[in-house]
Every structure is written in C-alpha cells, then in structure tokens.
Q: 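Dropping a structure here in structure tokens format, bear with me for questions.
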Protein chains: 2
Amino acid sequence: MADIKSGVNLLFLREEELRQGIEMLFFAYRDFTAEPDVILADYGFGRAHHRVIYFVGRSPGITVSDLLATLGITKQSLSRVLSQLVTEGFIIQTPGLRDRRQRLLELTEKGVALERQLTEEQRQRIARAYREAGAEAVQGFRKVMLGLIDEKDRARFPQRLPARVPPRGRS
Amino acid sequence: MADIKSGVNLLFLREEELRQGIEMLFFAYRDFTAEPDVILADYGFGRAHHRVIYFVGRSPGITVSDLLATLGITKQSLSRVLSQLVTEGFIIQTPGLRDRRQRLLELTEKGVALERQLTEEQRQRIARAYREAGAEAVQGFRKVMLGLIDEKDRARFPQRLPARVPPRGRS
DNA sequence: GATTTTATGTCAGCCATATTGACTTATTTA
DNA sequence: TAAATAAGTCAATATGGCTGACATAAAATC
C-alpha cells in the first residue's frame with residue numbers, strides 16, 4: 001500500500017513538475033515580450049518588426065534567405081515588415097558582393113538605436129534573472145533550454161567563444 | 001592594456017550570453033508550440049484554443065474571470081474561442097454554486113482527450129529535456145525562469161506540494 | 001427595496017501577422 | 001543556352017488580438 005501510494009505520489013509530482021515547466025515557458029515568453037511591445041507601438045510597429053530588427057542587428061549583413069530561415073516565416077510575411085523598416089530608414093539593403101542577387105541586410109544608425117531601446121529591457125531582465133540565480137543555475141538553465149530547442153537550431157548556441165562572422169565583414 | 005582588453009572581452013561575453021538567453025527563449029517557445037499546432041489544425045482550432053483547453057484542464061471549475069486573468073487577453077478575444085469549444089462539446093459551463101453569475105468551466109471527456117493529445121508531446125519534450133539535463137540543472141532552470149517571469153505570476157509556481165484545489169471540488 | 005457593482009456575454013469593426021498560390025525579375029550555375 | 005536560385009510582388013484567406021458600446025442576471029450595498 002505504501003508502495004502504491006508513493007508511486008502515485010511520484011507520478012503526481014512528475015505531472016505537476018512537467019506542467020509547471022510548460023507554464024513557465026508560457027509566462028516567461030509572455031512577460032518577456034510585453035515590454036518591447038509598448039515601445040513598438042509608438043513607432044506603429046509590432047512584434048514582427050522587433051524580431052527582424054533583432055536578428056539583423058545580431059548578424060549584420062545577413063541575407064534575406066537566412067533571415068527567413070531564422071524567423072521561420074514565409075517571405076510574403078517578412079516582406080511587409082521588412083519593406084516598412086527599409087522605407088522608414090531602420091534597415092538598409094546592399095547587394096551581395098559575391099552574389100549580386102542577394103540583398104544583405106544591416107541596421108542603420110537609427111535601426112541600431114531602436115534595437116538598443118527595444119532589447120535593453122529584455123537584456124536587463126535576463127541579466128537580473130541570471131545574477132539572482134547564480135552562475136550554476138544559469139548553466140542548468142542553458143542545458144534545459146537547449147534540450148527544449150529542436151536539434152537543428154542548437155548549433156546557434158555555442159557554449160563559449162562563438163567564433164562569429166566579424167562585424168561588418170564587407171565594406 | 002591587458003586590463004582594458006580583458007574588460008572588453010568580459011563585456012563581449014556578457015553581451016553574447018545575454019543575447020543567447022533572449023534567443024533561447026525565442027526558439028524554445030517557437031519549437032514548443034509548433035507540434036500541437038499540427039494537431040489543432042485537424043480540428044480547425046488554433047493556438048488560442050489550446051491555451052484555453054490547457055488552463056481549463058489545469059484548473060477544473062475555473063471561472064471565466066480567472067481564465068481571462070491567466071491568459072491575459074480580453075473577454076471579447078476569449079469569447080470566440082471559448083464559445084466554439086463549448087458548442088463543439090470540449091468544454092462545459094456550469095453555474096457557480098455560491099455565485100450564480102459565474103460560469104465554471106470544465107473539460108468534457110472529449111476535452112480531456114484532446115488536452116492529453118495536445119499536451120502529450122510538450123510533456124514529453126520537457127520530460128526529455130529534464131531527464132537529459134539532470135535534477136540539478138532543472139533546479140537552475142526553474143530558478144532562472146522564475147526570475148524572468150513577472151513577480152505577480154511567480155506564485156503560480158510553488159516549489160513543492162502545490163496544495164491545489166482538490167480536483168472536482170463541486171458535485 | 002432601490003441602486004450600484006460585478007460576472008458574463010454579444011455585436012461590430014479594426015489591425016497585425018501569419019498562411020497559400022501564382023507569377024516576375026535578375027543573376028548564378030550547370 | 002537552360003535551369004536553378006534569391007528576392008520580390010499581388011491576391012486572397014485565417015487567426016487572434018484589440019477597442020467600444022451595450023445587455024442581462026445576480027450579488028452587494030445603501
């Protein structure tokens with residue numbers, strides 16, 4: 001009887017633990033995106049604009065194809081948002097040197113400023129959470145998060161020394 | 001010079017680490033919601049339906065107000081989704097006993113079955129990530145995630161022994 | 001007992017973001 | 001030269017949010 005009861009209890013705890021995991025992801029993502037949304041509204045932009053600005057800022061000179069793959073949306077969806085950002089001077093497109101079909105994307109100064117403004121609060125939120133949790137907890141956080149992410153995207157997260165493309169490779 | 005260089009390096013690592021944090025959240029959330037979406041499409045439902053089914057399943061007998069607060073949307077937004085789920089027999093509403101203005105929400109058998117089907121993959125994804133990362137990492141993950149979540153929502157995540165409302169309190 | 005507040009629901013319209021499908025243009029590759 | 005690729009566009013559609021205004025029933029308060 002004690003065995004059964006404890007077995008049930010373990011199952012319950014496990015179920016509860018997994019559900020909490022699901023919900024933590026939901027609430028964290030929600031709260032995490034809420035703050036930039038307020039700023040974006042001032043510009044008449046939405047969350048989609050933020051994502052584009054973020055990833056272009058992250059990888060200056062990124063191609064449209066790569067950006068599409070990163071965002072996981074269709075080019076038609078990207079089109080509106082991207083052309084808006086280009087028209088309003090937050091992003092510039094320059095033809096690729098090796099392949100002139102490509103249009104490499106970069107933030108303008110204005111774009112960099114907006115990216116900073118948008119991401120700053122998120123950066124602070126993460127920094128605070130990391131600081132309060134401690135280095136060991138951060139390692140655990142990374143480990144679990146990587147396990148949650150599809151295998152194909154894990155390569156985006158090198159443990160150390162990202163060996164990234166040098167900033168502003170062209171020009 | 002060594003000091004400056006190492007200071008810059010530290011800043012760079014910190015920046016890189018924070019950006020990876022932002023991105024892990026983005027990709028984890030995206031991959032996490034992708035699988036249920038496929039199933040939902042079979043029913044003509046969207047992600048919003050999933051969230052309603054999930055939280056009603058999580059707290060049987062929840063009031064509409066509480067559900068709204070949990071989801072963080074307006075009643076007009078909830079309305080479409082909820083009435084669809086009620087009409088199609090996934091959720092039943094029963095008047096509150098103490099306050100007959102309330103309409104307490106519960107999953108039907110059909111609703112429970114769908115909830116299981118939808119959440120099962122997510123549960124497995126979390127379970128796998130937890131298992132592979134280990135108990136210590138999971139503690140770190142929880143710590144950081146809680147730090148990312150707005151203070152007002154942290155009470156949803158008791159460390160142990162949730163002391164939840166007994167399932168099916170009424171009837 | 002009358003009035004106010006609360007819980008819920010509904011109608012209408014608007015906006016952002018995503019989708020699919022079809023087609024175009026320029027450039028590179030085979 | 002022909003085929004494949006990178007990027008863009010037009011059109012139609014779906015989903016999921018939003019605001020505002022109004023309605024009903026029940027509870028709480030004066």
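Chain A is the first sequence line, chain B the second, and so forth, proteins listed ahead of strands; every chain is numbered from 1.
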Q: Any residue in residues 111-121 of chain B with a heavy atom nearer than 4.0 angstrom to DNA chain D? Just list them by number, or reply none.
A: none
Q: For B/Leu68, which residues count as a side chain to side chain contact (heavy atoms under 4.5 Å, CB included) partner, sequence neighbours excluded?
A: B/Val64, B/Ile73, B/Lys75, B/Leu78
Q: Base, backbone or nothing for each nucleotide of nucleotides 19-30 of chain C, written B, S, -, heavy atoms under 4.0 angstrom, 5' to 3'?
A: BBBB---BBS--
Q: Applying salt bridge (charged side-chain N to carboxylate O under 4.0 Å, His left out) to B/Glu88 and B/Lys110, what does each step give before you reach the verdict?
A: CA-CA 10 Å; B/Glu88 300 187 23; B/Lys110 201 174 154 190; over 6 Å; no
Q: Return the value, rounded to whole Å, for the distance between atom CD1 of A/Ile62 and atom P of D/dA7.
A: 10 Å
Q: Tell me, please, which residues at least two apart from A/Arg19 pass salt bridge (charged side-chain N to carboxylate O under 4.0 Å, His left out).
A: A/Glu15, B/Glu115
Q: To the nearest angstrom, how far is B/Gln84 atom CD from C/dG9 atom C1'?
A: 16 Å
Q: Quick one: salt bridge (charged side-chain N to carboxylate O under 4.0 Å, His left out) partners of A/Arg30, sequence neighbours excluded?
A: B/Asp153
Q: How bent is the helix from C/dG1-D/dC30 to C/dA30-D/dT1, measuring the angle between the end axes built from five pairs each, rounded to 10°?
A: 30°
Q: Starting at CZ of B/Arg30 and ending at C1' of C/dA18, how long is that distance when rounded to a whole Å?
A: 14 Å
Q: Tell me the interatomic distance from B/Gln102, atom CD, to C/dG9, atom C1', rounded to whole angstroms.
A: 15 Å
Q: Any donor-acceptor pair under 3.5 Å linking the side-chain atoms of A/Gln20 with those of B/Gln159?
A: no
Q: Pull out every residue in residues 34-47 of chain B that has a heavy atom closer than 4.0 Å to any atom of DNA chain D, ordered by number, or say none.
A: B/Gly46, B/Arg47
Q: Can a donor-acceptor pair be found between the side chains of A/Tyr130 and B/Glu17 at a distance below 3.5 Å?
A: no
Q: Test salt bridge (charged side-chain N to carboxylate O under 4.0 Å, His left out) on A/Glu120 and A/Arg123 and set out the steps.
A: CA-CA 5 Å; A/Glu120 190 50 36; A/Arg123 217 186 306 270; 3.4 Å; yes
Q: Across the strands shown, which category fits B/Thr63 at heavy-atom distances under 4.0 angstrom: base, sugar-phosphate, nothing?
A: sugar-phosphate
Q: Taking ring pair (Phe, Tyr, Trp, His ring centres under 6.0 Å) as the test, write out the residues that go with B/Phe26, two or more places apart.
A: A/Phe55
Q: List for me each residue that meets side chain to side chain contact (heavy atoms under 4.5 Å, CB included) alongside A/Glu136, sequence neighbours excluded, and say none if there are none.
A: B/Glu136
Q: With B/Val112, which residues qualify under side chain to side chain contact (heavy atoms under 4.5 Å, CB included), at least two apart?
A: B/Leu107
Q: Run the side chain to side chain contact (heavy atoms under 4.5 Å, CB included) test against A/Gln76 and tell me which residues pass, sequence neighbours left out.
A: A/Thr74
Q: Send over the distance from A/Leu82 CG to D/dA6 C1', rounded to a whole Å.
A: 14 Å
Q: Partners of A/Arg47 by salt bridge (charged side-chain N to carboxylate O under 4.0 Å, His left out), sequence neighbours excluded?
A: A/Asp37
Q: For A/Leu67 and D/dG8, what is the distance between atoms CG and P respectively, to the nearest whole Å?
A: 10 Å
Q: Atom CG of B/Leu104 and atom C1' of C/dG9: how far apart are they, to the nearest Å?
A: 16 Å
Q: Can you measure from CD (B/Gln102) to OG1 (B/Thr94) and round to the nearest 0.5 angstrom?
A: 10.0 Å
Q: Mapping A/Val81 and B/Arg103 to their closest nucleotides on DNA chain C, which lands nearer the 5' end?
A: B/Arg103
Q: Using a heavy-atom cut-off of under 4.0 Å over every strand shown, decide if B/Gln93 touches base, sugar-phosphate, or nothing.
A: sugar-phosphate
Q: Considering just the side-chain nitrogens and oxygens of B/His49, establish if one lies under 4.0 Å of OP1 or OP2 belonging to D/dG16.
A: yes
Q: Starting at atom CG of B/Leu68, determine the distance to atom P of D/dT19, rounded to an integer number of angstrom.
A: 13 Å
Q: Suppose we call two aromatic rings close when their centres sit under 6.0 Å apart. Are A/Phe90 and A/Phe45 close by that rule?
A: yes
